[in-house]
Protein chains: 2
Amino acid sequence: MVRRTKDEALETRHRILDVAERVFNERGVTRTSLADIAKAAGVTRGAIYWHFTDKADLFCSMVARVTMPMESPICQMDHRASPDPLASIRDMMVGILRKSSEDPQVRRVFHIVFHKCEHVDEMQPVWQRFNEMHAGCLLRIEEGLRAALTKGQLPKTLDARRAAFGLRALLDGLMSTWVMDPDHQPQAHEAEALIDLFMSALHAAPRPAQRTVRRRVKLAA
Amino acid sequence: MVRRTKDEALETRHRILDVAERVFNERGVTRTSLADIAKAAGVTRGAIYWHFTDKADLFCSMVARVTMPMESPICQMDHRASPDPLASIRDMMVGILRKSSEDPQVRRVFHIVFHKCEHVDEMQPVWQRFNEMHAGCLLRIEEGLRAALTKGQLPKTLDARRAAFGLRALLDGLMSTWVMDPDHQPQAHEAEALIDLFMSALHAAPRPAQRTVRRRVKLAA
DNA sequence: TTGCATACATACAAGTATGTATGTAAAATA
DNA sequence: TATTTTACATACATACTTGTATGTATGCAA
């Protein structure tokens, strides 16, 4: 076999990662052997072991390639610096949802990470990164909400931490649902409408006493 | 080895399932062999192959044992029959969250299903069941919202489908976050407060034109 | 009490994935 | 141009894991 030039080697590496992304997505991570990936990429396992130390290393490298929606510049901005923190938060959330649903590579990797692999310790860098993304997103929303509170954009009775927690949960749920179904492509308008709808809840916050007496429901299974 | 009576055999079966639940949760499904489970259960692989045809069968049986929060009676009620559909939806969502966060077995199985196994076709019955749970939950929320609309509990401009989709996403996100962290036990009040907060958004719905002009944000990564 | 089915344990066969060691031809380098 | 790396391919040894086949002692039924 002909020895490849440096550029060609890099291309081989990319091809392996591309193929891994596709095959992991189709068959799951553990069910696909390195031989499967090698075959699909038109190389042998030798090539994989040359570029990556391990299957876990290959997996982590595959994930590390892509910039996740919560890591994109839209999500790194400090809402406290914005003249309109609420609008800033909204734009961030819409941006995250848009990238999650429109970028096919992001969708594939999300699908693999959430449904086609197991969260075991050998891929720890990936989980750590996702946890940091998750925590960072919550932090920025909360910061933004506090800024909105001080600017008088929101009622003083609003619990910023709780509201931020809820907004992030909404984000998680929407991303999960839209990514789970591989061929469902939500229209861009839908994400905006949903975010706007639920952010409007923050304005209605000051209702310490409920308007109706809740019916108590037995929890017996 | 002594032959067991029928009750003892049933107990063996339960013990195998209990152990599988624990070990799958700790080490992940694919990383634990049937030999591991057998050893931890104090039996041999023979016992496992007697009670279950397969590892996939064992896994599915383990999941099938438990009633998921979305399958409990609280979630099967038809909100359309309620005099207060909104309160009924609220109670359902709070009930789901409560059971998800309080029942340790539910937490373990959720954790396994979402983070410690791969969604491959050999466990299809499990995924099918979860999909049906998911779809059924959305359906019931939407039905309830429509009933609330006809009863005048909500503004006529509210998009019931969209709102239901958002509420379920909120549920998903909260469950995911609370289940992911194995030793985080949210206080019961928190779930109620979050549901109340975001359900209040539905009342504020009729805002066809946004109050401020949105700053357009570039999406370039 | 005999006989059969049960509830496992034990033993065996075979595939499969992994990691490593080695081979090799061309690119890079001096 | 000679030498050294590089970028793989090939070959091999090993360790698991699974599935099945078989053994076996006992509960249970007739």
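A note on names: the letters A, B, ... follow the listed sequences, proteins ahead of strands, and every chain is numbered from 1. Heavy atoms only: backbone and side chains are in, while hydrogens, waters and symmetry mates are out.
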Nearest whole Å is fine: how far is [N] [atom2] from [X] [atom1]?
| X | N | atom1 | atom2 | answer |
| --- | --- | --- | --- | --- |
| Glu8(A) | dA7(D) | CD | P | 11 Å |
| Phe52(B) | dG19(D) | CZ | C1' | 17 Å |
| His14(A) | dC8(D) | NE2 | P | 12 Å |
| Glu11(B) | dA7(C) | CD | P | 13 Å |
| Leu10(B) | dG27(D) | CG | P | 17 Å |
| Arg13(A) | dC8(D) | CZ | P | 11 Å |
| Asp36(B) | dC16(D) | CG | P | 11 Å |
| Arg31(B) | dT18(D) | CZ | C1' | 18 Å |

Contact under 4.0 Å: [X] side-chain N or O vs [N] OP1/OP2:
| X | N | answer |
| --- | --- | --- |
| Thr5(A) | dA28(C) | yes |
| Trp50(B) | dC8(C) | no |
| His51(B) | dC8(C) | yes |
| Thr12(A) | dC8(D) | yes |
| Lys6(A) | dA28(C) | no |
| Tyr49(B) | dG19(D) | yes |

* Asked: Which listed nucleotide (dT18(C), dC8(C), dT18(D)) is nearest to the side chain of Leu34(B)?
  ->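 Ranking dT18(C), dC8(C), dT18(D) by closest atom to the Leu34(B) side chain puts dT18(D) first.
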* To do: Return yes if some donor-acceptor pair links the side-chain N/O of Ser101(B) with the main-chain N/O of Leu97(B) below 3.5 Å, else return no.
  =>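 Flag set: sc Ser101(B) to bb Leu97(B) pair under 3.5 Å.
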* May I ask you to decide whether Lys116(B) forms a salt bridge with Glu26(B), counting only side-chain N to carboxylate O separations under 4.0 Å? =>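 The answer is no: the pair does not qualify as a salt bridge.
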* Asked: With no hydrogens and no angle check, do the side chains of Glu118(B) and Thr30(A) hold a donor and an acceptor under 3.5 Å apart?
  ->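 Yes - a donor-acceptor pair under 3.5 Å links their side chains.
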* Mapping Arg45(A) and Val43(B) to their closest nucleotides on DNA chain C, which lands nearer the 5' end? ->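 Whichever sits nearer the 5' end wins; that is Val43(B).
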* **Toward the 5' end of DNA chain C, by each residue's nearest nucleotide, Ser33(A) or Gly46(A)** =>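 This one resolves to Ser33(A).
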* Measure up the His115(A) and His119(B) rings against each other and bin them: parallel (under 30°), tilted (30 to 60°), perpendicular (over 60°). =>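 Ring orientation of His115(A) relative to His119(B): tilted.
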* To the nearest 0.5 Å, what is the distance between CZ (Arg168(A)) and CE (Met175(A))? ->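 Arg168(A) atom CZ to Met175(A) atom CE measures 11.5 Å (nearest 0.5 Å).
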